[in-house]
2 protein chains.
Amino acid sequence: MKRNSRLSSTLHILVHMADAPDRALTSEQLAGFIHTNPVVVRRTIAGLREAGIVTSSRGHGGGWQLGRAPDKISLAEISAALGETLLPFSTESESPGCLVEQAVIAVLDDFRLEAERLLTERLSHITLADLTADFRRRYDLIGVSSHAV
Amino acid sequence: MKRNSRLSSTLHILVHMADAPDRALTSEQLAGFIHTNPVVVRRTIAGLREAGIVTSSRGHGGGWQLGRAPDKISLAEISAALGETLLPFSTESESPGCLVEQAVIAVLDDFRLEAERLLTERLSHITLADLTADFRRRYDLIGVSSHAV
DNA sequence: GTTTCATGTAACTTAGTTAGTTACGAATAA
DNA sequence: TTATTCGTAACTAACTAAGTTACATGAAAC
């Protein structure tokens, strides 16, 4: 799992979970999908459990399942549950007394607030169901082209 | 200079340069404003020179100046010249053959493209002149309140 | 022309972040 | 009671970016 790919890795995992709604998938299996370690998976999606996006169960037959229907899970919620920042730049003051810095931070914070609102709004309209639908489209296409050949 | 504060630090520097349009400021002076090292400053704003946002001159009386009027320099250009990414998450494929991954990346890339367009559009409407104006407002306010007390 | 000052840049060091790993306790089903 | 699986702490390794040192290049002042 590469740096900065927590969102896409998590989505990958979640689509697999949506594709197997009747059984729990283990951290081991999920880790296999994104070529990483089970502990990394558990650590990464721990926040999703707290947000109710997934549930986990221990012991025999245990593992991970979606907490609700895929069309009720938006990318905005997932991103937030991962603790991801949509905007990368920092606006903490390093010399609080400086009026120039105050002006810069004020403008940048305004922008950040508005930008975060915009991005979150857009992400809230994309659901896990959209991703699984896209996946199925690709899957069917391959099937058709295999037949054709 | 903290991590992830290259944009705000650079803006800080540029406002100081806009505030002294008649003389060149040295890396040493600029570094003082943001509490860092002259070499870090030179390295950070090297890209701005290539973009024509600032000019530099060597030797006696040398240093840095704005390349054009503050109202002709947008935050979008500055951010681009710094090589900053507006969106932090990566969408490189780690298992290119996987249809689930392809679907995830397709959706995420769509979002990223649209988001980058939106943010850039907004940043292109904020200029250095807006920042200096905000700074002057704060400066005058302090002046007034000092008088009042 | 020599001195002084300033940038340009390479090379190295240091600090911080995050993924990966190991280990083990707690919970649960067979 | 045993096998399985999560939860989590602790540690290691890899990577990134800032900070630092050093020195070559260029330009103004004398």
Side-chain angles (χ1 to χ4, degrees), chain A residues 1-10 12-13 17 20 23-67 81-85 88-90 92 94-95, chain B residues 1-10 12-13 17 20 23-67 81-85 88-90 92 94-95:
Chain A
M1 180 169 159
K2 290 206 202 81
R3 220 181 166 83
N4 284 345
S5 67
R6 283 173 61 206
L7 180 56
S8 63
S9 292
T10 300
H12 189 152
I13 282 176
M17 285 170 55
R23 69 180 198 280
L25 298 177
T26 67
S27 311
E28 189 89 33
Q29 294 173 301
L30 297 177
F33 295 138
I34 57 172
H35 306 112
T36 186
N37 190 292
V39 178
V40 173
V41 169
R42 293 202 280 269
R43 196 157 58 197
T44 301
I45 63 178
L48 303 196
R49 183 182 46 232
E50 274 136 52
I53 296 169
V54 298
T55 61
S56 65
S57 53
R58 308 196 203 194
H60 239 110
W64 301 81
Q65 285 181 284
L66 292 185
L82 285 172
E84 298 278 82
T85 52
F89 58 83
S90 138
E92 295 167 50
E94 302 182 47
S95 31
Chain B
M1 181 169 161
K2 289 205 204 80
R3 220 178 164 86
N4 284 347
S5 68
R6 281 173 63 207
L7 181 56
S8 64
S9 292
T10 300
H12 189 152
I13 281 175
M17 285 169 54
R23 68 179 199 283
L25 298 176
T26 67
S27 309
E28 189 89 37
Q29 293 173 303
L30 297 177
F33 295 138
I34 58 173
H35 305 113
T36 185
N37 190 292
V39 177
V40 174
V41 169
R42 293 201 281 268
R43 195 157 58 198
T44 302
I45 64 179
L48 304 197
R49 183 182 47 231
E50 275 135 51
I53 296 169
V54 297
T55 61
S56 65
S57 54
R58 309 199 204 193
H60 238 110
W64 301 81
Q65 284 181 284
L66 292 185
L82 285 173
E84 298 277 86
T85 53
F89 57 83
S90 138
E92 295 166 50
E94 301 182 48
S95 30

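Quick note on labels: first sequence line is chain A, next is B, and so on, each numbered from 1.
Map A:Arg49 and B:Thr44 each onto its nearest nucleotide of DNA chain D; the residue landing nearer the 5' end is A:Arg49. Two residues, B:Glu50 and A:Val40, neighbour DNA chain C, and the one matched to the more 5' nucleotide by heavy-atom proximity is B:Glu50.
Distances were taken from every side-chain heavy atom of B:Thr36 (C-beta onward) to each of D:dG19, C:dA6, D:dT5; the shortest belongs to D:dG19. When each of D:dT21, C:dG20, C:dG8 is scored by its nearest atom to the side-chain atoms of B:Ser56, the top-ranked nucleotide is C:dG8. Set against C:dC5, C:dT22, D:dT4, the side chain of B:His60 has C:dC5 as its closest nucleotide.
In this structure, the separation between OG1 on B:Thr44 and CG on B:Leu30 is 11.0 Å, given to the nearest 0.5 Å.
The CG atom of B:Asn37 sits 15 Å away from the P atom of C:dG8 (whole-angstrom rounding). The interatomic distance linking A:Ile45 (CD1) with D:dC6 (C1') rounds to 10 Å, in whole Å. Rounded to an integer number of Å, the gap from B:Asn4 CG to C:dT18 P is 9 Å. Summarising the geometry, the separation between CH2 on A:Trp64 and P on D:dT5 is reported as 14 Å, rounded to the nearest angstrom. Atom CZ of B:Arg42 and atom C1' of C:dA11 are 15 Å apart (whole Å). For the pair A:Phe89 CZ and D:dA17 P, the computed distance is 17 Å after rounding to whole Å. For A:Leu25 and D:dT5, the CG to P distance is 11 Å, given to the nearest whole Å. Rounded to an integer number of Å, the gap from A:Arg6 CZ to D:dC15 C1' is 16 Å.
Inter-residue side-chain proximity for A:Arg23 and A:Leu25 is flagged as met; some heavy-atom pair is nearer than 4.5 Å.
For B:Arg43 and D:dA17, the shortest distance from a side-chain N or O to OP1 or OP2 is not below 4.0 Å. Distances shown here put a side-chain N or O of B:Ser27 below 4.0 Å from the OP1 or OP2 atom of C:dT7.
For A:Arg58 against C:dT28, no side-chain N or O and base N or O form a donor-acceptor pair under 3.5 Å.
Counting only distance, with no hydrogens or angles, the side chain of B:Arg6 and the backbone of B:Leu82 share a donor-acceptor pair below 3.5 Å.
The two residues B:Ala24 and B:Gln65 have their closest heavy-atom pair at CA-CG, 3.6 Å. Taking all atoms of both residues into account, the shortest heavy-atom contact from B:Ser9 to B:Met1 is OG-CG, 3.8 Å.
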